[in-house]
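From a predicted model like this one, the values you see are computed outputs, not experimental measurements.
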Amino acid sequence: WIEGDSLAPYQGSKPETIKAVLAIADLTPLDVVYDLGCGDARIPIAAAEFYNCKAVGIEKFVFDKAEKRLKQEIEGSDPARARSLQSLVSIREEDALTCDMRDCTVCIMFLLPDGLKQISERLDSLLDQGVRLVTIFWGIKTRKPIKTNNVGHTTIYYYTKESEKC
């Protein structure tokens, strides 16, 4: 993976993992989902498609993969699905540490433990604002998850404002 500024390697999620990630977040059409380090944008596309909510992918290193996948999904869709994806999904080439997330209600991330540590102050601030957090594979060391779900060898962690500090 890209070392230095990268919070995690690019790792495409399996469909069953994506389904479980979105389910644990208890999404509604009123949510605005952010996927930090969205890779090829599978999670934002699925959130919009299956939960009819706005989804934003933040990607700094493989932005072209995210753009390409979203374009392919739109072009390969029937007109109604294409319009829905165009109106609900956006991909931004930005840094997860500094991107504007003022409209975020759910934040999803697959970050290495060191990446989670680097972004921990931001995650605490998001939790304080009522944002629900979902981490894939590694949990936040400073918080106890409200719930977890195991999908194969992958653990999914869910945090809310009520998550106790460790």
Checklist entry - Where is the tightest heavy-atom contact between Ile74 and Ala82, given as atom of each residue plus distance? => result O-CB, 3.5 Å

Checklist entry - Can you check side chain to side chain contact (heavy atoms under 4.5 Å, CB included) on Thr135 and Leu116, steps first, answer last? => result CA-CA 9 Å; Thr135 64; Leu116 288 167; 4.1 Å; yes

Next on the checklist: Here's a test for you: under side chain to side chain contact (heavy atoms under 4.5 Å, CB included), which of Val134, Val151, Ile146 qualifies with Ile24?
Outcome noted: Val134

Checklist entry - Does Arg132 come within less than 4.0 Å of Asp31, counting only side-chain N to carboxylate O? => result yes

Checklist outcome for this item: Correct closest heavy-atom pair for Ile140 and Tyr159 would be N-OH, 2.8 Å

Next on the checklist: Are the side chains of Arg92 and Cys99 in contact, using a 4.5 Å heavy-atom criterion?
Outcome noted: yes

Item to check | Any donor-acceptor pair under 3.5 Å from Ser77 side chain to Glu73 backbone | outcome: yes

Checklist entry - In this structure, are over 12 heavy atoms from other groups packed under 6.0 Å from Lys19 atom NZ? => result no

Checklist outcome for this item: Heavy atoms of Tyr34 and Asp100 approach each other most closely as OH-O, 3.5 Å

Checklist entry - Is it true that the side chains of Asp26 and Tyr158 contain a donor and an acceptor less than 3.5 Å apart? => result no

Item to check | Met101/Ile58 under side chain to side chain contact (heavy atoms under 4.5 Å, CB included): CA gap, chis, key distance, verdict | outcome: CA-CA 10 Å; Met101 295 176 63; Ile58 302 295; 5.7 Å; no

Next on the checklist: Quick one, Val106 and Leu27 - any side-chain contact, counting heavy atoms below 4.5 Å?
Outcome noted: yes

Checklist entry - Is Ile108 linked to Ile119 within one hydrophobic cluster, defined over Ile, Leu, Val, Met, Phe, Trp and Tyr using a side-chain heavy-atom separation of less than 4.5 Å? => result yes

Item to check | Expected output: side-chain Thr17 to main-chain Ser13 donor-acceptor under 3.5 Å | outcome: no

Item to check | Mutual orientation of the aromatic rings belonging to Trp138 and Phe110 [parallel < 30°, tilted 30-60°, perpendicular > 60°] | outcome: tilted

Next on the checklist: Using a 6.0 Å cut-off, check whether atom CD of Glu121 has over 12 heavy atoms from anything other than its own residue.
Outcome noted: no

Checklist entry - What pair of heavy atoms forms the shortest contact from Cys38 to Glu59, and how long is it? => result N-OE1, 3.2 Å

Checklist entry - Should Ile156 and Leu112 be regarded as members of a common hydrophobic cluster, given that ILVMFWY residues are connected when their side-chain heavy atoms come within less than 4.5 Å of each other, either directly or indirectly? => result yes

Checklist entry - Any Lys/Arg nitrogen of Asp124 or Arg143 sitting under 4.0 Å from an Asp/Glu carboxylate oxygen of the other? => result yes

Checklist outcome for this item: Nearest heavy-atom approach of Ala47 to Leu22 is N-CD1, 3.6 Å

Item to check | Ile45 versus Arg81, closest heavy-atom pair with distance | outcome: CG2-NH2, 4.3 Å

Checklist entry - Do Asp103 and Lys54 pass the side chain to side chain contact (heavy atoms under 4.5 Å, CB included) test, and can you show the C-alpha distance, the side-chain angles, and the key distance before you say yes or no? => result CA-CA 10 Å; Asp103 59 343; Lys54 184 177 174 188; 3.4 Å; yes

Checklist entry - Below 4.0 angstrom, N of the basic side chain to O of the carboxylate: do Arg69 and Asp40 qualify? => result yes

Next on the checklist: Could you check whether any side-chain heavy atom of Val56 comes within less than 4.5 Å of a side-chain heavy atom of Leu36, counting everything from C-beta outward?
Outcome noted: no

Next on the checklist: Please determine whether side-chain hydrogen bond (donor to acceptor under 3.5 Å, both in side chains) holds for the pair Gln129 and Ser125, giving the CA-CA distance in whole Å, both sets of side-chain angles, and the decisive distance to 0.1 Å.
Outcome noted: CA-CA 6 Å; Gln129 296 167 39; Ser125 175; 3.0 Å; yes

